[in-house]
J.: 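Here it is: the structure, laid out below.
Every chain is numbered from 1, with letters handed out A, B, ... down the list of sequences.
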Number of protein chains: 2
Amino acid sequence: MEQAYVRDLARFAGSEVVIKGWLYNKRSSGKILFLEIRDGTGIVQCVAQKKVVGEESFKAADTLPTESSLVVEGKVRADERAPGGFEIDVSSIKVVHVSEEYPITPKEHGAKFLMDHRHLWLRSRKQSAILRVRHAVIKAIRDFFDGRGFICTDAPIFTPAACEGTTTLFKVEYFDQAAYLTQSGQLYAEAAAMALGKVYTFGPTFRAEKSKTRKHLTEFWMVEPEVAWAELEDVMKLAEDFISYIVAFALDRSKEDLKILERDTAKLENVKAPFPRVSYAEAVAQVAGTGTEMKWGEDFGAPQEEALASLYDKPIIVHRWPAAIKAFYMKRDPADPKVALCLDVIGPEGYGELIGGSQREDDLAELTKRIVAENLPMEAFKWYLDLRRFGSVPHGGFGLGLERTVSWICGTKHIRQTIPFPRMLNRLTP
Amino acid sequence: MEQAYVRDLARFAGSEVVIKGWLYNKRSSGKILFLEIRDGTGIVQCVAQKKVVGEESFKAADTLPTESSLVVEGKVRADERAPGGFEIDVSSIKVVHVSEEYPITPKEHGAKFLMDHRHLWLRSRKQSAILRVRHAVIKAIRDFFDGRGFICTDAPIFTPAACEGTTTLFKVEYFDQAAYLTQSGQLYAEAAAMALGKVYTFGPTFRAEKSKTRKHLTEFWMVEPEVAWAELEDVMKLAEDFISYIVAFALDRSKEDLKILERDTAKLENVKAPFPRVSYAEAVAQVAGTGTEMKWGEDFGAPQEEALASLYDKPIIVHRWPAAIKAFYMKRDPADPKVALCLDVIGPEGYGELIGGSQREDDLAELTKRIVAENLPMEAFKWYLDLRRFGSVPHGGFGLGLERTVSWICGTKHIRQTIPFPRMLNRLTP
C-alpha cells in the first residue's frame, strides 16, 4: 500500500492508505482512541477501535508519548467536522519509535527555551506553517522573475570590500587574506545585467548588527533584481508588480497555513498594483500632518514609517529621497540633484521597509566623484567603474528581504520565526 | 515602440521594434553596415543602409568601438541564414555610450587576465551561455523538488561546529565568538524533515581547500534533499529521477546555449533513469578489471572514477561503500555492518562524483557510539541526537553540487566558469 500524505487525502477518499508520521495529540474513551498524527504536510485524526486493531496495539498506542513515530493503516473517510475534511478509520497501528518525554508542551515556554529547541520547535503547528509560507514566498519570487526572462546570477558571498559601510561587516580568515561576508549582491548584479540584460541574485546576506530587536537577523536572505535599460519609473513598476505577485501567490497556495496562523487575510487581499506613489517631500509633509516629528533631510524611523503607513491601505512607494542619506551609487535626479532617483516600498500594518532600490549612477565621472567624496577605496571599485567605462547604460533594481516579507505575510512580528535556524547577536545554535 | 529582446524576435516578425544592447561585432561595405548587437538574451545582426539611417548616424556607427551601447529601431525580417533566424533592417541608430577600448579581444587571453576581468568576460558569447545554462539547472532543481511536495528549508550559513572535519573550515569573527561557514546543510535538513516530511536546502557552502585544481571552488552551491521515512532504495530512486529531470530540462530549455558551447548533446540524451547500480564491491572488481589499481577499502580517486565511468554510458550509482571511509551519520547495512547504506552517483565523461548521499543512522545508541569513536564534540551534536530521541524514523537524502553539474551539462572542464564570480584559493576579486 502506498504512503499517503495528509495534504493529499482528498485523492484517497474511500481508499485504504498508509500514514507515516508522529503522534501530535491523542484522547481515549477506553474503547476508541483518537490519534492526531502529523506527517509534515498536515495533521489528521485517526480513529482506532480496540476491537479492530486488537488489545495489544490499542494499549501500545494508548500509552504512546507525544512525538513518537508510528505507521498507521486505515480507510480515508470524509468528515465535514475534521479540520482537513478527512479522518482515518484505523485498521492497524505500528509503533516505530517510542519518544522520550517531549520537552515542548502545550504550556507556555519562554523565547529562549523555544529557540534553544528550535530543531524540535519546528514541528509545532504554527512554526511548520510559517516555514511552508516561507517556501511559497521563495517559489513566488523565483517564478515571478523566471517567468519574466530574468536570469538568476548568484553573487559571491566572499567579498574583498564593503558595498555600504564597514562597521557591520563579518570578517573571515581567507587563507592569508581577510575577506568579508556580502551585505548585498547588487554591485555584482549590475555587472551581470550588462551581460545578460535582466538578472536577479537571491541568497544569504550578512550584517553584524549589534541589535537585539525582533527585526534583526545577522544572516538573512535577500533577492535583488537588476535590469539593464531600466529607469526609476520601470523599477517602481517592477517593485509593485513583484509584491502584488508574491501576495497573490501566498493567498492562493498558503490558504490553510495562513488560517493556522490566524492571519487576517482581508488586509492582504488589497495588496494589488498600482501602489500609491509619493515623493519623499510629500511623504514628509504627510507624516508631519499626523503629528509625528519629521523634517526634510532625515531618514524615516519606525514611527515615521508607521505614521505614513497608517494613511494608506496598501504598500506605499516613496521615491526621490535626499541624496545625502542614500547610497553613493544612486543616480541623482537631473530635475533636482538634491534627491536621488530611488524608492523605498513601505509595507502596511507596521512592517516597515519591504524594498529599497534605485536607478544607478551610470556616468563614470559622476560616480568617481561620489566614491572620492565618500572616501571609499577607489581600487576596490575599479571593476565596478568599468561598467560605466565600457558601454554604460541606464539601469536599476532593488532589494527585498525574504524574512521581513514572510513575517508580514504571516502576520508575525518576530522575524526569527521566519527562517529555519535564525542567527542573531546571541544566537549561533542549534 | 516596445523594447524587444533578441530571444523573442520570432514574435515580432515583420514588425518595427526597438533593440537596446551593446555592439558585439561589425563589418561595413561602405554603404551597408552589419552590426551584431547583443542584448543579454542573444545576438542579432542589424543591417543599416547609409541612405536609410543618414550620413551622420552611419558614420557614428561605422566607427563605434566594441561594447558601446546603442538603441536601434528597425523591422524584423526572417532570414534562414541568420543564427537566430531573424535580422533587423535598421531605420534608426542612437548611440548611448561610446565605449573605451574594450580589453577583451577575439585573440587568446590567459586565464588570469580573463578572471581579473570576470565582470566583463561574462558578456562573451560562451560565458553568458554558461550562465544561462546555470540558471536553467537551478530552475530544474527547484521545479523538481517543488513539484514533488518538498519544502525548501534554508540551512544556516553560520555554524558553531563542523559537520565533516575541521581542517577545511572558514572561521568568522562572530562578535566575541568564533563561527564557521557551513560545509553542508544536511544536519539541519534532517531536523527540518522531521518537521515537514520532505525538504531541501539549496544555498552556498564553503570549503577552505588549499587546492588549485580546476575542480575546486572555495564557495559553491549545493542542493540537499532530505526525506523522512526514506530508506536507501528510495534515495537511489530519487537521485536518478532527479538527475534525469535536470538533464532533460536543460536539453529542452538550453538548446541554443548548448549549441553555442558546442556541447555534444548525444551524450546527454542518454541520461535517463534507471541508472546502472553497482555495489562498491562490484565496482572495485570492475575498476580492477580495467587494469586500474583498486583495492577494497580505498576511496575512489579520479582515475578510478574514470575507469568505472568508461564502462557505462550513463551516470552510475555505486552503493554500500566501506563504512570506515564514509561519514559517521551514515547507517550501517544490517546485512553487512562493514558497509554503509550510502550511494555516490558518478557522472559520465570524467565528471566524477555528482551526488553523495545515504540513509542516516536513526538509532540513538549507535549514533552516540559513532560520535565518541570519531572523537567529535558531543555537546555540538546534542541537538542532532535529539532527532533520534524524539520519534526517530528512517530517513535519508543526498547532496548535489550545482557547479559540477553545470560543468558536466555544459561540457566545460573549468568549474570556475560555471559560477558568476568564482572564489578560489588565490581569487577573491572582482
J.: Which pair of heavy atoms, one from F175(A) and one from A208(B), lies closest together, and at what distance?
T.: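 In this case the closest contact between F175(A) and A208(B) is CE2-O, 3.7 Å.
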
J.: CG of L364(A) to CD of E100(B): how many Å apart, nearest 0.5 Å?
T.: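 Output value for this atom pair is 6.5 Å.
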
J.: Return the option, out of R423(A), E173(A), R7(A), R134(A), with the maximum number of heavy-atom pairs under 4.5 Å with chain B.
T.: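 The residue among R423(A), E173(A), R7(A), R134(A) with the greatest pair count is R423(A).
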
J.: Do Y200(A) and H135(B) have side chains that get closer than 4.5 Å, going by heavy atoms?
T.: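 Yes, at least one pair of side-chain atoms sits under 4.5 Å.
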
J.: Let's test your reading of the structure: which of S392(A), P420(A), A191(A), C152(A) forms the most heavy-atom pairs below 4.5 Å with chain B?
T.: S392(A)

J.: Considering all heavy atoms of both residues, which atom of T429(B) and which atom of P160(A) are nearest to each other, and what is their separation?
T.: CG2-CG, 3.6 Å

J.: Mind listing the closest non-hydrogen atom pair of H97(B) and R388(A) along with its distance?
T.: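 So the two residues come closest at CE1-O, 3.3 Å.
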
J.: D39(A) versus chain B, heavy atoms under 4.5 Å apart: side chain, backbone, both or neither?
T.: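 Backbone only.
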
J.: Provide the closest heavy-atom pair for S128(A) versus A195(B) in the form atom of the first, atom of the second, distance.
T.: CB-O, 4.4 Å

J.: Rounded to the nearest 0.5 Å, how far does CD1 of I151(A) lie from OG1 of T41(B)?
T.: 9.0 Å

J.: Is the shortest side-chain heavy-atom distance between P65(A) and F390(B) below 4.5 Å?
T.: no

J.: If you count heavy-atom pairs under 4.5 Å with chain B, which of E67(A), K20(A), Q3(A), H117(A) comes out on top?
T.: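 If we count pairs closer than 4.5 Å to chain B, K20(A) comes out on top.
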
J.: Relative to chain B, which of D154(A), V172(A), D146(A), T218(A) shows the most heavy atom pairs under 4.5 Å?
T.: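 Greatest number of close heavy-atom pairs with chain B: D154(A).
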
J.: Given heavy-atom pairs under 4.5 angstrom as the criterion, report whether the side chain, backbone, both or neither of R142(A) touches chain B.
T.: side chain

J.: Is A193(A) close to chain B through its backbone or its side chain, or both, or neither, when contacts mean heavy atoms under 4.5 Å?
T.: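 Backbone only.
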
J.: State, with a plain yes or no, whether a side-chain heavy atom of T159(A) is found less than 4.5 Å away from one of L428(B).
T.: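 T159(A) vs L428(B): side chains apart.
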
J.: Distance check, rounded to the nearest 0.5 Å: L122(A) atom CG versus Y188(B) atom OH?
T.: 11.5 Å

J.: Which residue in the set Y180(B), F170(B), F158(B) passes ring pair (Phe, Tyr, Trp, His ring centres under 6.0 Å) when paired with F170(A)?
T.: F158(B)

J.: Among the options S124(A), P103(A), A228(A), pick out the one with the most heavy-atom pairs lying under 4.5 Å from chain B.
T.: P103(A)

J.: Please classify the contact of P430(A) with chain B as side chain, backbone, both or neither, using a heavy-atom distance under 4.5 Å.
T.: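 It is both, since atoms from each part get that close.
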
J.: With sequence neighbours left out, what residues match D363(A) under salt bridge (charged side-chain N to carboxylate O under 4.0 Å, His left out)?
T.: none

J.: Most heavy-atom pairs under 4.5 angstrom with chain B, which of G21(A), G40(A), G391(A), P422(A)?
T.: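 Of G21(A), G40(A), G391(A), P422(A), G391(A) has the most heavy-atom pairs under 4.5 Å with chain B.
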
J.: Which heavy atom of Y174(A) sits nearest to which heavy atom of M424(B), and what is that distance?
T.: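 It is OH-O, 2.7 Å.
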
J.: Quick one: sort the W22(B) and W229(A) rings into parallel, tilted or perpendicular, breaks at 30° and 60°.
T.: tilted

J.: Check the orientation of W383(B) and F421(A). Use parallel for under 30°, tilted for 30 to 60°, and perpendicular for over 60°.
T.: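 The rings of W383(B) and F421(A) sit tilted, inter-plane angle from 30° to 60°.
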
J.: Quick one: pull up CG in L385(B) and NE2 in H119(A) and give me the separation to the nearest 0.5 Å.
T.: 9.5 Å

J.: CG of D386(B) to OH of Y102(A): how many Å apart, nearest 0.5 Å?
T.: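 OH of Y102(A) is found 9.0 Å from CG of D386(B).
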
J.: Hey, does S99(B) have a side-chain heavy atom less than 4.5 Å from the side chain of R389(A)?
T.: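 Of all side-chain heavy-atom pairs linking S99(B) with R389(A), none is under 4.5 Å.
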
